[in-house]
Number of protein chains: 2
Amino acid sequence: MAAKRADARRNEKALLDAAAAVFVTDGVDAPVRRIAAEAGVGMGTIYRHFPTRADLVVAVYRHQIDACAEAGPALLASAESPFAALRDWVDLFVDFLVTKHGLGAAMRTDPEGFAGLHGLFLDRLLPVLADILGAAREAGEIRADIPPLHLLRAIGDICAGAEGAGPDYDARFAIGLLLDGCRYLG
Amino acid sequence: MAAKRADARRNEKALLDAAAAVFVTDGVDAPVRRIAAEAGVGMGTIYRHFPTRADLVVAVYRHQIDACAEAGPALLASAESPFAALRDWVDLFVDFLVTKHGLGAAMRTDPEGFAGLHGLFLDRLLPVLADILGAAREAGEIRADIPPLHLLRAIGDICAGAEGAGPDYDARFAIGLLLDGCRYLG
DNA sequence: TTGCCAACCGGAACATTGCTCCGTATATTC
DNA sequence: GAATATACGGAGCAATGTTCCGGTTGGCAA
């Protein structure tokens with residue numbers, strides 16, 4: 001594992017910065033050429049560093065996902081109850097998602113390509129949500145049969161769909177409904 | 001309003017049939033050329049009859065949406081309770097959505113273009129859902145503050161996201177959670 | 001410091017796809 | 001059967017993803 005050349009490292013960082021900026025304004029579907037231009041590099045360079053668009057997306061968002069994951073235990077410790085912690089953490093997750101224009105649609109259009117990002121979500125966030133759900137279940141606040149995967153996906157899908165839904169629609173209401181559904185004991 | 005020429009009518013029907021077939025196999029994002037080829041017409045013809053892809057999609061799915069809308073009152077009359085009718089009708093809606101590969105992603109990628117389809121959903125389905133929700137509310141089965149639009153969108157988004165989610169994920173579970181959330185009284 | 005080579009870069013070139021435009025063909029009418 | 005309006009087909013343009021290779025440069029050895 002030889003060290004990369006200095007120009008390679010420089011270009012990689014330039015690409016990450018450029019991609020982060022362009023993703024915010026143009027969404028994750030932004031043309032490759034635009035990202036390359038923003039970074040001041042050629043087409044070849046972007047494909048050499050990030051063979052697929054998903055590789056670039058993963059690299060850009062990885063630390064944000066990590067931050068969300070790491071906030072879980074703290075919320076569980078500080079919140080009034082496990083269910084309150086669940087609400088807080090879901091809020092955090094939603095905050096992350098709503099700024100990612102087109103991410104959901106992109107992941108749906110090209111599921112194979114985004115397997116890496118999908119895996120990142122599952123590896124980092126699913127255990128955190130599972131812990132919080134477990135605590136809430138033990139406290140008797142929610143039903144026993146809520147699979148964390150189902151809750152996580154549904155929240156992600158609702159956020160993805162909320163984009164550009166007009167001002168009279170609030171994704172958080174539907175997500176609140178979902179969480180209330182977890183507490184419906186029948 | 002002069003009558004269309006015979007060949008024009010024939011081609012329009014050929015296009016609708018071809019589009020319906022191609023949408024099932026390749027999704028609503030299928031290349032225009034493929035649909036034109038399947039119908040045995042040229043590029044110009046498809047764009048003359050259906051200026052935008054959404055026009056074609058709307059034409060293909062309109063009667064399916066109508067059928068779903070018209071089933072609402074019957075379900076409300078025959079089901080055990082308004083909430084049971086709600087569940088039945090949502091099942092119908094989900095059945096419709098899960099076979100429309102890529103529809104959700106397409107509507108998200110190009111919200112303006114699919115305004116027509118979106119309007120169709122709102123015009124035809126929203127009143128039906130509103131009626132059912134109203135009956136359930138009057139029966140005291142659900143909360144009073146559930147906006148039909150929010151429920152409809154959330155269901156659509158979850159279905160859209162469920163596509164290609166792997167065998168260990170069931171969109172209907174999350175949707176059941178959503179409906180249970182409607183009955184959580186607090 | 002200088003020279004060499006592997007690593008890296010840039011962008012031209014190709015493939016796919018959405019969409020338009022116009023010369024040609026045909027249905028309809030008289 | 002001729003005239004006319006309508007419709008058709010597909011070539012062509014633009015945007016974008018992706019690959020490939022000749023040229024360039026950073027890092028190391030002498």
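Within every chain, numbering begins at 1; the chains are lettered A, B, ... in the order of the sequence lines, protein sequences first and strands thereafter.
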Discussion item. Just to be sure I understand the geometry, which residues of residues 44-59 of chain B put a non-hydrogen atom under 4.0 Å away from DNA chain C?
Written reply: B:Gly44, B:Tyr47, B:Arg53

Worksheet item: Nucleotide by nucleotide, 5' to 3', does protein get under 4.0 Å of the base (B), only the sugar-phosphate (S), or neither (-) in nucleotides 24-30 of chain D, counting heavy atoms?
Response: -BSS---

Item to complete: Classify the angle between the aromatic ring planes of A:Phe96 and A:Tyr61 as parallel (below 30°), tilted (30 to 60°) or perpendicular (above 60°).
Response: perpendicular

Worksheet entry | Salt-bridge contact A:Asp7-A:Arg10 (side-chain N to carboxylate O under 4.0 Å) | no

Item to complete: Return the orientation label for the A:Phe121 and A:Phe93 ring planes: parallel under 30°, perpendicular over 60°, tilted otherwise.
Response: perpendicular

Discussion item. With a cut-off of less than 4.0 Å, is there a side-chain N or O of A:Asn11 near OP1 or OP2 of C:dC9?
Written reply: yes

Worksheet entry | Charged N-O contact under 4.0 Å between B:Arg153 and A:Asp170 | no

Discussion item. I'd like to know if B:Asp66 pairs up with B:Arg62 as an ion pair, taking the criterion as any Lys NZ or Arg NE/NH1/NH2 lying under 4.0 Å from an Asp or Glu carboxylate oxygen.
Written reply: no

Fill in: Closest-nucleotide 5' rank along DNA chain C - winner of B:Arg33 and A:Val41
A:Val41

Worksheet, complete the sentence: Whole-Å distance, A:Arg34 CZ to D:dA14 C1', equals 16 Å

Item to complete: Can you tell me the distance, in whole Å, between the CE atom of A:Met43 and the C1' atom of C:dA13?
Response: 12 Å

Fill in: Sequence neighbours excluded, every pair satisfying ring pair (Phe, Tyr, Trp, His ring centres under 6.0 Å) that has a member inside residues 151-177 of chain A
A:Tyr169-B:His150, A:Phe173-B:His150

Discussion item. With a 4.5 Å cut-off on side-chain heavy atoms, are B:Thr99 and B:Val24 touching?
Written reply: no

Worksheet item: Is the shortest heavy-atom distance from the side chain of B:Leu56 to the side chain of B:Leu16 under 4.5 Å?
Response: yes

Item to complete: Mind calculating the distance between CG (B:Asp26) and C1' (C:dG18) to the nearest angstrom?
Response: 16 Å

